[in-house]
Amino acid sequence: MRRKYFKYIAIFTLGLGILGSCTSDFLEVEPKGTMLESNYYKNRTEAFNGLIAVYDAVGYMGGNLVNKWGATNSASDDFYAGGGHSTDVNAYQVWSNYTVDPATGPQEELWKRNYSGIFRANILLSKMPNVPMNEAEKNRFIAEAKALRAYFYFDLVRFFENVPLITTPVSPDEMYSVVQAAPEAVYSQIEQDLKDALTGGIPATVDVAVDGGRLTEGAVRALLGKVYLYQEKFGPAAEELAKVNGTPGETSQYGYRLVANYADLFQSSNKHNSESIFEVKFTNTSAAGWGCANCGEGNILAVMSGPRSYARTPGSDAPAYASGWSFYTVIPAFVNVFRDDPRYAATVLDMKGLVEAGKATYVAGYMDTGYFLKKFAALTSEIPSSGDPALNFPHDIYEIRLADTYLMEAEALVRGNGNADRALALLTAVRARVGLGAVPATLENIKRERRFELAGEGHRWFDLIRWGDAPQALAFKGFVAGKHEILPIPLLELDNTALEQNKEYGGTK
């Protein structure tokens, strides 16, 4: 679903503290324009624009170039932050070396992105009962808004643990008295929103040519299964994910099927393929410029992950990569364990090998290893023709795809003492797709498979935290057990509010 429609309603949502792409922080916005907001949502078109505004926050790329996927990659054991120097996108650097503190880190942009979506969803949900429109479509809009609110809260509770639980629009006199809820209460709301969406009008499938990117029953069910898994509710997790997955290796009831060629998953033209369950949309048509870097619809990961000053040598058969900014350099220890896997070539751009073969050159950046994240790296043929190219690449991002749900269900079955044969079939199907033979369906084998299958797609840091593996896996980066499992509440959010800092960062919460 394209996010360009947000511009039509940004002025209205700002009145209740909702964050637009270029606005200031949640709980710090001076309310303006509430009368404009109150006059909106008069018909189906305005309600649809409101829904687009909620989706807009899913693809938030960050006014400071900080986004969910780049941040979690930088914090993982597979990548360094990289970039041009030791303070280049400093939020990435301090999370990569675990010197993050309340004033410095990715937390401000991650908080902003998720509460932006939540506040927009709350506004829409409060208005929908009075919008004159088809009841079936109204119910669908409500279901989507609830599911998206659940998605944003799921990110927040995983990143910060102690967050405000807000399910109605916040008035000006309430903004500074909001308090944090218990994580259990947040998870309960997440589950309820997703269940409501499943029974309230979410469609089983959509015409991707028209509505590609909008949530479906399969996507909502996959997210609910994932939420259960993170709470170690293994039985319910396996049950929900099984409905998404169907028979391993075959087409599921929602039309999902593993893409035959793994590398095809990461072609920018291969959007909404059979493996895509929840896909974040980007486009090269918004012509964004640096005057408002986050006002466009492009995926900045494409330029951030490419090697600097890349050039093919004359007559070389090296790929025609676009020059990038050398973020997310792949850590050699990961290369060493991953190199012989069939997915390596589609995941890692081996500049070291290209240089040694005399096929290409590049300029080494900060923490250069010679290895880059290939899944997002753009080709010269994909350089946008309008606006600033860096801000307008059309590469979509998988938030959830079928191989991910196969492995999550296999994990839930193994950890919950469920159907061992089905767990093996799910794991085997993921491996068979890339020509690998079967291995026992043990937790360690599933962990390894997730690391290789989903490398660079933003899952690894979350996996390490929920498995309890982060202290050992991230010790070389400075990770401190009992502290770095969560991020600090952004410092600016604490000024003149009732919010409390997490105790891991000197607070009392």
Side-chain angles (χ1 to χ4, degrees), residues 68-69 71-79 95 98 100 106-107 110 114 150-163 182-191 194 221-241 244 277-278 334 398-401 403-418 423 426-427 430 441-475 477 479-488 502 504:
K68 170 185 176 179
W69 303 277
T72 50
N73 277 345
S74 298
S76 78
D77 58 339
D78 295 340
F79 301 92
W95 206 16
Y98 286 93
V100 61
Q107 58 270 13
L110 297 174
N114 290 296
Y151 164 78
F152 292 122
Y153 268 123
F154 186 44
D155 270 2
L156 283 166
V157 75
R158 291 187 295 164
F159 279 131
F160 299 102
E161 190 172 272
N162 301 299
V163 299
E184 296 79 11
V186 178
Y187 270 110
S188 179
Q189 183 65 50
I190 292 168
E191 291 179 15
L194 293 173
R221 203 173 291 284
L223 183 56
L224 179 58
K226 185 173 182 176
V227 168
Y228 284 143
L229 180 63
Y230 271 67
Q231 298 174 87
E232 300 190 351
K233 298 179 178 180
F234 300 124
E239 181 180 352
E240 292 299 332
L241 292 165
V244 176
I277 297 176
F278 183 8
F334 180 46
Y398 300 111
E399 188 65 27
I400 304 176
R401 59 181 176 89
D404 180 14
T405 57
Y406 272 22
L407 295 173
M408 285 195 289
E409 185 192 345
E411 179 185 339
L413 291 168
V414 168
R415 298 179 70 186
N417 298 313
L426 290 158
L427 177 60
V430 174
T442 64
L443 180 57
E444 287 306 310
N445 282 340
I446 292 168
K447 287 180 179 180
R448 179 183 175 88
E449 205 64 29
R450 284 189 64 81
R451 187 182 189 187
F452 290 177
E453 173 71 25
L454 303 169
E457 296 178 48
H459 301 286
R460 177 65 175 172
W461 184 82
F462 290 117
D463 282 347
L464 291 174
I465 297 300
R466 68 185 180 88
W467 289 330
D469 293 346
Q472 180 177 354
L474 294 167
K477 280 190 163 188
F479 186 98
V480 176
K483 177 179 182 179
H484 290 132
E485 287 84 357
I486 59 175
L487 286 167
N502 289 326
E504 291 85 351

### Message
Is there a side-chain contact between Leu487 and Val100 in this structure, where contact means two heavy atoms from C-beta onward sitting under 4.5 Å apart?
### Response
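Touching, per the 4.5 Å side-chain cut-off.
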
### Ile190 and its side chain to side chain contact (heavy atoms under 4.5 Å, CB included) partner, picked from Leu156, Val157, Leu223
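Among the candidates, only Val157 passes.
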
### Query
Hey, what's the ring geometry for Phe452 with Phe334, parallel, tilted or perpendicular (30° and 60° as the breaks)?
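Rings of Phe452 and Phe334: tilted, 30 to 60°.
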
From [X] [atom1] over to [Y] [atom2], what is the distance, rounded to the nearest 0.5 angstrom?
X: Met408; Y: Phe234; atom1: CE; atom2: CZ; answer: 13.0 Å
X: Gln231; Y: Lys233; atom1: CD; atom2: NZ; answer: 4.0 Å
X: His459; Y: Leu454; atom1: NE2; atom2: CG; answer: 5.0 Å

### Task
For side-chain contact (heavy atoms from CB on, under 4.5 Å), just list the numbers for Ile400 and Val244, CA-CA rounded to whole Å, side-chain angles, deciding distance to a tenth of an Å, and then say yes or no.
CA-CA 11 Å; Ile400 304 176; Val244 176; over 6 Å; no

Please name the pair of heavy atoms, one in [X] and one in [Y], separated by the smallest distance, quoted to 0.1 Å.
X: Val430; Y: Ala403; result: CG2-O, 4.1 Å
X: Ala441; Y: Val414; result: O-CG2, 3.2 Å
X: Gly456; Y: Asn73; result: O-ND2, 3.1 Å
X: Trp95; Y: Pro106; result: CE3-CG, 3.5 Å
X: Leu241; Y: Lys226; result: CD2-N, 4.5 Å

Between [X] (side chain) and [Y] (backbone), is there a donor-acceptor pair under 3.5 Å?
X: Tyr187; Y: Tyr228; answer: no
X: Arg448; Y: Glu444; answer: no
X: Asn502; Y: Phe160; answer: yes

### Message
I'd like to know whether Arg460 forms a side-chain contact (heavy atoms from CB on, under 4.5 Å) with Phe79, so could you lay out the CA-CA distance, the side-chain angles of the two residues, the decisive distance to 0.1 Å, and finally the verdict.
### Response
CA-CA 10 Å; Arg460 177 65 175 172; Phe79 301 92; over 6 Å; no

### Query
Does the ring centre of Phe462 sit less than 6.0 Å away from the ring centre of Phe159?
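Phe159 vs Phe462: aromatic centres under 6.0 Å.
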
Listed partners of [X] passing side-chain hydrogen bond (donor to acceptor under 3.5 Å, both in side chains), at least two apart:
X: Glu239; value: none
X: Thr442; value: Asn445
X: Glu504; value: none

Closer than 4.0 angstrom, basic N to acidic O: yes or no for [X] and [Y]?
X: Asp77; Y: Lys477; answer: no
X: Arg401; Y: Asp404; answer: no
X: Lys68; Y: Glu399; answer: yes

Quick one: side-chain contact (heavy atoms from CB on, under 4.5 Å) partners of [X], sequence neighbours excluded?
X: Ala470; result: Leu464, Ile465, Leu474, Phe479
X: Arg466; result: Leu229, Tyr230, Glu411, Arg415, Arg450, Asp463
X: Ala481; result: Pro471, Glu485

